[in-house]
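Report on the structure given below.
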Amino acid sequence: MEQRYCYETPIGYLTIGDNGEAITKIQFGKAENQGEESPLAKKAYKQLEEYFQGKRTQFDLPLQPQGTEFQKKVWQELCKIPYGSTCSYKDIAVRIGNEKAVRAVGGANNKNPIIIVVPCHRVIGVSGALIGYACGLEVKKYLLDLESKTMKGYNRQ
């Protein structure tokens with residue numbers, strides 16, 4: 001049974017869901033039917049805090065997003081986009097072996113149930129434009145700016 005717990009973050013409230021074994025959801029907004037804070041949700045929130053502070057560039061969490069096989073394939077590919085980098089929907093379509101599936105990749109990106117950790121915010125339009133983010137373009141820009149600033153800080157050290 002999935003447990004949900006809500007946390008306040010720099011981008012607003014995030015609800016973290018888990019099944020006791022893995023994170024199943026990280027979504028924008030407040031949880032409905034919030035339960036007790038699980039150890040796994042607490043661990044995910046700690047890693048998200050470190051991310052927002054610019055101290056974490058990779059997450060170490062067990063993940064079990066629920067979706068179609070195609071969606072899972074896209075989400076796995078999203079996890080390969082390096083911190084501080086971006087790629088286009090077309091790039092993802094090519095990487096999963098179906099370059100004509102650009103719109104379907106966009107749809108899978110939009111249905112990503114584990115935002116930030118599965119970095120759908122790193123996918124942009126082929127022209128370089130910030131397009132299509134379920135949490136809003138302001139949040140997408142915030143996350144990309146955060147990663148860019150963190151990377152510049154690493155480059156100076």
Side-chain angles (χ1 to χ4, degrees), residues 2 4 7 9-19 21-29 31 40-41 43-45 47-157:
E2 185 182 78
R4 296 181 191 157
Y7 299 90
T9 73
I11 61 169
Y13 288 99
L14 291 179
T15 296
I16 299 174
D18 73 85
N19 61 13
E21 296 177 12
I23 298 297
T24 55
K25 287 186 172 93
I26 298 178
Q27 296 179 318
F28 203 61
L40 199 48
K43 180 180 179 181
Y45 177 64
Q47 290 189 22
L48 284 165
E49 278 186 312
E50 293 167 353
Y51 170 84
F52 286 120
Q53 294 166 359
K55 297 177 181 174
R56 177 174 288 276
T57 60
Q58 294 182 6
F59 293 93
D60 179 26
L61 298 165
L63 305 177
Q64 281 184 0
Q66 299 301 305
T68 67
E69 289 308 310
F70 178 83
Q71 289 170 332
K72 289 177 185 179
K73 196 173 188 181
V74 170
W75 300 334
Q76 288 171 349
E77 201 58 44
L78 297 179
C79 289
K80 296 175 186 176
I81 304 169
Y83 180 93
S85 299
T86 58
C87 70
S88 72
Y89 294 94
K90 183 172 184 172
D91 293 334
I92 297 295
V94 168
R95 290 179 194 169
I96 64 169
N98 189 346
E99 68 180 83
K100 294 183 191 248
V102 175
R103 285 182 187 255
V105 166
N109 216 39
N110 182 267
K111 300 285 187 218
N112 174 18
I114 305 178
I115 63 169
I116 303 170
V117 175
V118 176
C120 54
H121 61 278
R122 295 182 189 150
V123 183
I124 60 175
V126 74
S127 69
L130 298 186
I131 58 173
Y133 191 58
C135 300
L137 292 180
E138 304 83 27
V139 173
K140 185 173 194 164
K141 183 174 179 351
Y142 177 90
L143 296 172
L144 292 174
D145 287 349
L146 170 73
E147 292 183 11
S148 176
K149 288 175 189 171
T150 301
M151 291 304 292
K152 288 177 184 169
Y154 285 143
N155 291 340
R156 278 188 254 132
Q157 294 177 353

Give me the atom names and distance for the closest heavy-atom approach of L146 to Y83. O-OH, 4.0 Å
Excluding sequence neighbours, so at least two apart, what forms side-chain contact (heavy atoms from CB on, under 4.5 Å) with Q64? N19, E21, A22, T24, Q66
ring-ring contact (aromatic ring centres under 6.0 Å, His included) partners for F59, two or more places apart: Y51
Straight-line distance of L48 CG to I115 CD1, nearest 0.5 Å: 8.5 Å
Donor-acceptor pair, distance only, cut-off 3.5 Å: does the side chain of E147 make one with the backbone of G84? yes
side-chain contact (heavy atoms from CB on, under 4.5 Å) filter on N98, not counting sequence neighbours, yields K100, A101
Close side-chain approach of P62 and D18, heavy atoms under 4.5 Å: no
Residue pairs fulfilling salt bridge (charged side-chain N to carboxylate O under 4.0 Å, His left out) with at least one residue in residues 84-97, sequence neighbours excluded: none
Other residues, nucleotides, ligands: >12 heavy atoms within 6.0 Å of K111 NZ: no
Separation of I114 CD1 from L61 CG (nearest 0.5 Å): 9.0 Å
Close side-chain approach of I92 to N109, heavy-atom, < 4.5 Å: no
To the nearest 0.5 Å, atom NE2 of H121 lies from atom CD1 of I81 at 8.5 Å
Using the test side-chain contact (heavy atoms from CB on, under 4.5 Å), find all partners of P82 that sit at least two apart in sequence or belong to another chain. S85
Kindly write out the residues that satisfy side-chain contact (heavy atoms from CB on, under 4.5 Å) with A108, not counting sequence neighbours, or none if the list is empty. F70, Q71, V74, W75
Does Q53 have any side-chain hydrogen bond (donor to acceptor under 3.5 Å, both in side chains) partners at least two apart in sequence or in another chain, and if so, which? K55
How long is the span from the CD1 atom in I16 to the CD atom in Q27, to the nearest 0.5 Å? 11.0 Å
What closest approach, in Å, do Y142 and P10 show between heavy atoms, and which atom pair accounts for it? OH-CB, 3.3 Å
Note, I116 side chain near L14 side chain (heavy atom, < 4.5 Å): yes
E138: what forms a salt bridge (charged side-chain N to carboxylate O under 4.0 Å, His left out) with it, not counting sequence neighbours? none
Restricting to non-hydrogen atoms, name the atom on P119 and the atom on L78 that form the minimum distance, rounded to 0.1 Å. CG-O, 3.2 Å
Test salt bridge (charged side-chain N to carboxylate O under 4.0 Å, His left out) applied to E50 - qualifying residues, sequence neighbours left out: K46, R56
Heavy atoms of C79 and V117 approach each other most closely as SG-O, 4.4 Å
Between the NZ atom in K80 and the CD atom in Q76, the distance rounded to the nearest 0.5 Å is 7.0 Å
By side-chain hydrogen bond (donor to acceptor under 3.5 Å, both in side chains), which residues pair with K141, not counting sequence neighbours? D145
Got Y45 and T9 here, is their nearest side-chain heavy-atom distance under 4.5 Å? yes
May I have the step-by-step check of side chain to side chain contact (heavy atoms under 4.5 Å, CB included) for L143 and F52, ending in yes or no? CA-CA 8 Å; L143 296 172; F52 286 120; 3.9 Å; yes
List the steps, then state whether side chain to side chain contact (heavy atoms under 4.5 Å, CB included) holds for Q47 with K43. CA-CA 6 Å; Q47 290 189 22; K43 180 180 179 181; 3.5 Å; yes
Do P65 and N112 come within less than 4.5 Å of each other through their side chains, counting heavy atoms only? no
If you count every heavy atom of other residues, nucleotides or ligands that lies below 6.0 Å from E2 atom CD, does the total exceed 12? yes
